[in-house]
Amino acid sequence: AAFTQEWPAPGIRHQLSYTIPFSETGTTFGINDLLINYRFQLREETSGGPAISPRLSVILPTGRADRGLGDDVVGLQVNVPASKQFGDFYVHANAGFTWLPDVTRTPNVAGSGIWRVAPMLNLMLEAVFLINESATISPGFRRGWNFGDRQLVVGAAVPITWQNRDSTAALLAYFSYELPFR
């Protein structure tokens, strides 16, 4: 699970956020390493091209590495996502890497397709590839409701991951309560 809070800094083109991930390892649970994020809206989507919003994150060693909840080192993460809408179909792509000194350098590529079946109901298929490590395919859905200028969104997915010739499946639940942007 993860909690992310985003703020315009000072507007929608520049955003700061933090992410607090939580996990359970089978023997313990707790907070993992914290991410402090900066996202820049490099390009707005147009009829001729996608939206592009690079993100730079500093990874802070707030998790207990001795319990499998962190890596005990300051790191960096860079991602460059692109998104484009085609009617009721949305395509997203992302490429980046995570660098944890003396621990790992992990390049990744990801993509998703989202189909707006009805207003506020989406079917999704996402894939994430950690180069030379793992592959995850995740079918799911999300449903939203508007309450005045606020929005509630719930969703679920079943990520299936292949790593070292083994596969695992999980259940991912999503909950978001969106406040108005001013």
Side-chain angles (χ1 to χ4, degrees), residues 1-24 29-60 62-63 69 77-96 98 108 110-128 136-161 169-182:
F3 175 81
T4 300
Q5 177 68 52
E6 297 178 330
W7 298 290
I12 195 94
R13 190 171 171 94
H14 301 273
Q15 290 193 17
L16 294 175
S17 66
Y18 65 88
T19 301
I20 304 172
F22 304 85
S23 63
E24 186 267 327
F29 68 93
I31 296 174
N32 293 75
D33 293 343
L34 178 79
L35 279 77
I36 305 295
N37 312 299
Y38 168 72
R39 184 186 63 77
F40 174 66
Q41 188 71 44
L42 178 66
R43 184 179 197 285
E44 296 283 333
E45 181 179 355
T46 65
S47 60
I52 301 172
S53 301
R55 177 178 57 83
L56 175 66
S57 301
V58 175
I59 303 167
L60 301 176
T62 55
L69 298 173
Q77 188 177 78
V78 175
N79 280 292
V80 180
S83 298
K84 182 76 175 114
Q85 179 180 354
F86 301 94
D88 286 335
F89 193 71
Y90 304 80
V91 177
H92 307 285
N94 190 29
T98 301
N108 65 77
S112 68
I114 299 174
W115 175 35
R116 181 174 49 197
V117 177
M120 307 292 283
L121 174 61
N122 301 307
L123 296 181
M124 305 180 298
L125 180 62
E126 300 177 287
V128 177
T136 301
I137 304 293
S138 184
F141 78 95
R142 69 178 170 215
R143 173 78 167 102
W145 298 268
N146 289 324
F147 300 98
D149 59 355
R150 289 160 170 65
Q151 187 176 77
L152 174 67
V153 180
V154 297
V158 180
I160 303 165
T161 300
L171 176 64
L172 174 85
Y174 176 84
F175 175 84
S176 176
Y177 185 66
E178 304 288 332
L179 300 172
F181 180 75
R182 299 183 202 266

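Residues passing the side-chain hydrogen bond (donor to acceptor under 3.5 Å, both in side chains) test with Q77 are R55, T98, sequence neighbours excluded. Remark: S17 engages N37 in a side-chain hydrogen bond (donor to acceptor under 3.5 Å, both in side chains) (not counting sequence neighbours). Residues forming a side-chain hydrogen bond (donor to acceptor under 3.5 Å, both in side chains) with S112 (at least two apart in sequence, or on another chain): none. Scored by the ring pair (Phe, Tyr, Trp, His ring centres under 6.0 Å) test, W7 finds Y18 as partners (sequence neighbours excluded). Remark: R116 engages D88 in a salt bridge (charged side-chain N to carboxylate O under 4.0 Å, His left out) (not counting sequence neighbours). Under the rule for a side chain to side chain contact (heavy atoms under 4.5 Å, CB included), the partners of Q41 that lie at least two apart in sequence or sit in another chain are R13, R39, E44, A51, S53. Evaluation of the salt bridge (charged side-chain N to carboxylate O under 4.0 Å, His left out) rule for E45 yields K84 as partners, not counting sequence neighbours. Partners of P54 by side chain to side chain contact (heavy atoms under 4.5 Å, CB included), not counting sequence neighbours, listed by chain and number: L42, I52, V80. When the side-chain hydrogen bond (donor to acceptor under 3.5 Å, both in side chains) test is applied to N94, the partners found at least two apart in sequence or on another chain are N79. Here V153 pairs with R142, Q151, Y174, S176 under the side chain to side chain contact (heavy atoms under 4.5 Å, CB included) rule; sequence neighbours left out. Judged as a side chain to side chain contact (heavy atoms under 4.5 Å, CB included), and not counting sequence neighbours, the contacts of L16 are A9, Y38. Checked against ring pair (Phe, Tyr, Trp, His ring centres under 6.0 Å), F22 has no partners two or more places apart in sequence or in another chain.
One distance of note links CG of L34 with OG1 of T62; it measures 5.0 Å at 0.5 Å rounding. In this structure, CG on N32 lies 13.0 Å from CG on L60, to the nearest 0.5 angstrom. In this structure, F40 CZ and L56 CG are separated by 13.0 Å, a value rounded to the nearest 0.5 Å. Distance CG/L125 to CZ/F141: 15.0 Å, rounded to 0.5 Å.
Listed here is the closest heavy atom pair of H92 and S83: ND1-OG, 2.6 Å. When all heavy atoms are compared, the tightest approach of V128 to A110 is CG2-CB, 4.0 Å.
A heavy-atom distance below 4.5 Å is not found between the side chains of I114 and F89. Taking 4.5 Å as the limit, some side-chain heavy atom of T4 sits within range of a side-chain heavy atom of E6.
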Go through it in stages, so that I can follow the logic: the residues are S23 and L69, the test is side-chain contact (heavy atoms from CB on, under 4.5 Å), and I'd like the CA-CA distance, side-chain angles, deciding distance and then a yes or no. CA-CA 7 Å; S23 63; L69 298 173; 3.5 Å; yes

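In terms of modelled atom types and a separation under 3.5 Å, the side chain of T136 and the main chain of P159 share no donor-acceptor contact.
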